[in-house]
Undergrad: 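Sharing a structure below in structure tokens format, with a few things to ask.
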Amino acid sequence: MGCEVEFGIYVEENMILLQTESTSYVIAVSDGYPGNLYYGERLEGFPSRDSLRESEYSYLKGNNGEKCTFMDGFPFEYGVTGTGDFKSSCLEVISSGFTGCELKYKDHRIYKGKNKKSGLPTAYGNEEDTMTLALILEDTAGLVEITLFYSIFRGMDVIVKSADVRNISGAPIKLGKVLSSSVEFGYDGQDIITLNGSWAREHIAERRPIGYGRVSAASTRGISSHQENPFIAIVSGNATETEGEAFGTALIYSGNFLAEVERTQHDTLRAVIGINPYGFEWTLEDGEIFESPEAVLVWSSEGIGEMSRRFHDYIREHLIRSGYLYKDRPVIINNWEATYFDFNEDKLLEIARRAKDVGIEMLVMDDGWFGKRYDDTTSLGDWKPNPERLPDGVKGLKEKINAIGLDLGIWFEPEMVSPDSNLYRAHPDWALQIPGREPALARTQYVLDITRKEVREYIYESVASILRESDIRYVKWDMNRPLTDIGSRVTRPGEIYHRYILGLYELMDRLTTEFPDLLLENCSSGGGRFDMGMLCYSPQIWCSDNTDAVARLDIQEGTTLVYPPSAMGAHVSVCPNHLVGRTTDLRTRGYVALAGTFGYELDITKVSDEDMEIVREQVSDYKRFGHLVREGDYYRLASAGSVLCSAGNPVKGGRIGRSYAWSFVSKDKSEVLLTYIQKTGEANVRPEIIKLAGIDRSKRYRLDDGRSYTGDELMNIGFVTDRQRGDGSGSIYHFTAEEV
Ligand code: DGJ
């Protein structure tokens, strides 16, 4: 059939085969119904149709049975509600009060390059290396036409899927649910992995067996949320970091989502992902199209670690647009934990002077520089510098900071309004609210109705005018509460959640277009909006308000399940840690921050001269090793808290050891940065041996101190780490390959 090794999309009678580097995805049409025949390790040709079990469905042509049996059992490529598919569906169409439709194959197109979406961030790919299948389905009663998109990227084991719904009925219809992707697998004892948590405890990986019925990760908070991340993995029951099968799917979206797995009566699994139908009711006029966000699918037959690396590569190569992606980003010091709301220009200049001494390159002025913002009860929306704090405005401060030799970055929380603000007094109706009901306050603030154009215009100019006037090249865009009181003066209630996110993306798009050199860091009380949607605009997202290095080990480890470490905002902060109260060695704090964007978040004017020398070394480590974090392959090697598994220890549920270890390996395998951190000190234990992964077995690797090892020794016997003393103590090891 001529597709044995080639990347591409192939068609044989009633079947379509998508071949990525090492995976295959097969769609088969059965009596007009597109079914999901296979997704997994690469097949070297079209499979038989047997696994569709067509002969078991009595409705199929030639049988006289009933349609319902067929609809209930067939692995639909895009399941719909109302006509007999009782499993987690993708689509719910309501016309003249009736719910239900039935989709049959109409046509397909295969083309080079990648489809675009209006108003939604998408994966990108050039014509050379990207192919897209558009599979067109039509409702048998003529309500809707659906286009399912599937894009594959040369060199990547990733499939990007989405759905467009066009109303062809001649009258308005309502959409109650439009998901982005559905995939089916046979049940074989797999586990589900999700990323769960809360504020300051984001993205903790949880692994559990899949029972009958539905299990989901979801958000109804209007943001992708701290609590559950728009991602799920289905992994074989014995999968470890290095072995076993792992399927992962994530959504390029920043609002309400649903990612659900259903184990059915016949022991199959259906995994769907898309916009959460909660609060969603979209009116589609005749001829109009609704576009779903894109879902990203990854399959690995080489364990959970490889699934993560495939996500990382894809996010870096086909999602993040920022010019800073692979660049040496400025070493930042942020004044939030140094001063909170208690600062003025003199204090910021004092911080900048001391920071300059050790090579820090940018001061980020956090919350409190505008209006009368002396605490968090006031002034959001009044984006004018407070003259009592900044006598010469942002521009004046920027000039003074520049004169010291640093650059200035700035914090905004543009989507919000304080009830005590000039903005709210002038436009109380600009806050989301339900008529007759006082909106719920959170952190003494309301959410602005950015579904409205004039509100977006105000927000945009508030931010952009300061960037223009003061030539600012770094913005931290914060968002500190969930959406409630879903009411708008202009937008239909069932459309507010999604139109809010479209409004947000419009703002992000405008900002990064007008300021192409802007380093945009997203933030939502830490990692409340850590998702692929935001990564399309910002190469980094503040990972958590919890800056405690030991707590960060689990938070960052979970985050790396999907997202590349270089996207994780991570700073060294003061001890005892403000949230946790723990004291951790300054060097360890540096190692943990080095696994992300790296920076500082403490009052450096109070750091002792002795510690300043350590800070100086840390900054120079970042300069030496930052490229490995940004460009290299990431391996989780040991974990003390996670449900993931450690390399070399394929115990189901993972080794709950006493340490964390991870490594960054350059793509050409010539350099390795290994980090080892002991979580808790113990008596009478030997220093641990960590087996390296992903390096070249045939090379010798020399440590910076001169010791040298063969690659196969480091992988098979392992590396004996240094003895540690105390909780949260650790070391880093830098290896360089030399030819044997
Ligand atoms: C929440 C952020 O995550 C913090 O880093 C800080 O910017 C505060 N907001 C400021 O209000």
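Read the numbers this way: they start at 1 and go in the same order the structure lists the ligands and their atoms.
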Undergrad: Considering only heavy atoms of Asn480, which atoms of ligand 1 have at least one such atom less than 4.0 Å away?
TA: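 Once the distances to Asn480 are compared, the set is 1 (C), 9 (N).
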Undergrad: Check Asp485 with Arg437, please: is the shortest side-chain N to carboxylate O separation under 4.0 Å?
TA: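 The answer is no: the pair does not qualify as a salt bridge.
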Undergrad: Looking only at heavy atoms, is any part of Asn334 under 4.0 Å from ligand 1, and if so is it the side chain, the backbone, or both, or is it neither?
TA: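 Neither; no heavy atom under 4.0 Å.
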Undergrad: Measure the distances from the heavy atoms of Arg443 to every atom of ligand 1 and state whether one is below 4.0 angstrom.
TA: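 Right, Arg443 reaches ligand 1.
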Undergrad: Got the closest protein heavy atom to atom 6 (C) of ligand 1, with its distance?
TA: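 For atom 6 (C) of ligand 1, the nearest protein heavy atom is Asp366 OD1, 3.4 Å.
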Undergrad: Return yes or no for this condition: an N or O of Glu601 is under 3.5 Å from an N or O of ligand 1.
TA: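 No - when backbone and side-chain N and O of Glu601 are compared with those of ligand 1, no distance drops under 3.5 Å.
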Undergrad: Does Asp545, backbone or side chain, put an N or O under 3.5 Å from an N or O of ligand 1?
TA: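 Yes, there is a polar N/O contact under 3.5 Å.
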Undergrad: Determine whether the aromatic ring centres of residues Tyr537 and Trp477 are separated by less than 6.0 angstrom.
TA: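 No, they do not, as the ring centres are separated by 6.0 Å or more.
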Undergrad: Evaluate the ring planes of Trp336 and Tyr340, with Trp represented by its six-membered ring, and classify them as parallel (under 30°), tilted (30 to 60°) or perpendicular (over 60°).
TA: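 If you compare the ring of Trp336 with that of Tyr340, the planes turn out perpendicular.
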Undergrad: Atom 9 (N) of ligand 1: which protein heavy atom is closest, and how many Å away?
TA: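 Ranked first by proximity to atom 9 (N) of ligand 1 is Asp478 OD2, 2.7 Å.
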Undergrad: Is the charged tip of Arg389 near the ring of Phe343: under 6.0 Å from the six-membered ring centre and within 45° of its axis?
TA: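 Arg389 over Phe343 ring: yes.
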Undergrad: Applying a heavy-atom cut-off of 4.0 Å, say which part of Met479 lies close to ligand 1: side chain, backbone, both or neither.
TA: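 Neither; nothing of Met479 gets under 4.0 Å from ligand 1.
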Undergrad: Identify which one of Leu397, Leu408, Thr339 satisfies the side chain to side chain contact (heavy atoms under 4.5 Å, CB included) criterion when paired with Leu348.
TA: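 Considering Leu397, Leu408, Thr339, a side chain to side chain contact (heavy atoms under 4.5 Å, CB included) with Leu348 is found only for Leu397.
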Undergrad: To check you understand the geometry: which heavy-atom pair defines the closest contact between Ile333 and Leu602, and what is its length?
TA: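 Closest pair (atom of Ile333, atom of Leu602, distance): CD1-O, 3.7 Å.
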Undergrad: Given that the side chain starts at C-beta and the backbone is N, CA, C, O, which of these parts of Lys476 lies under 4.0 Å from ligand 1, counting heavy atoms, or is it both or neither?
TA: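 The side chain, only.
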Undergrad: Please state which part of Cys523 comes within less than 4.0 Å of ligand 1, counting heavy atoms only: side chain, backbone, both or neither.
TA: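 For Cys523, only side-chain atoms sit under 4.0 Å from ligand 1.
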Undergrad: Tell me whether the guanidinium CZ or amine NZ of Arg373 lies under 6.0 angstrom from the six-membered ring centre of Trp383 and within 45° of its axis.
TA: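 Ring-cation test returns no.
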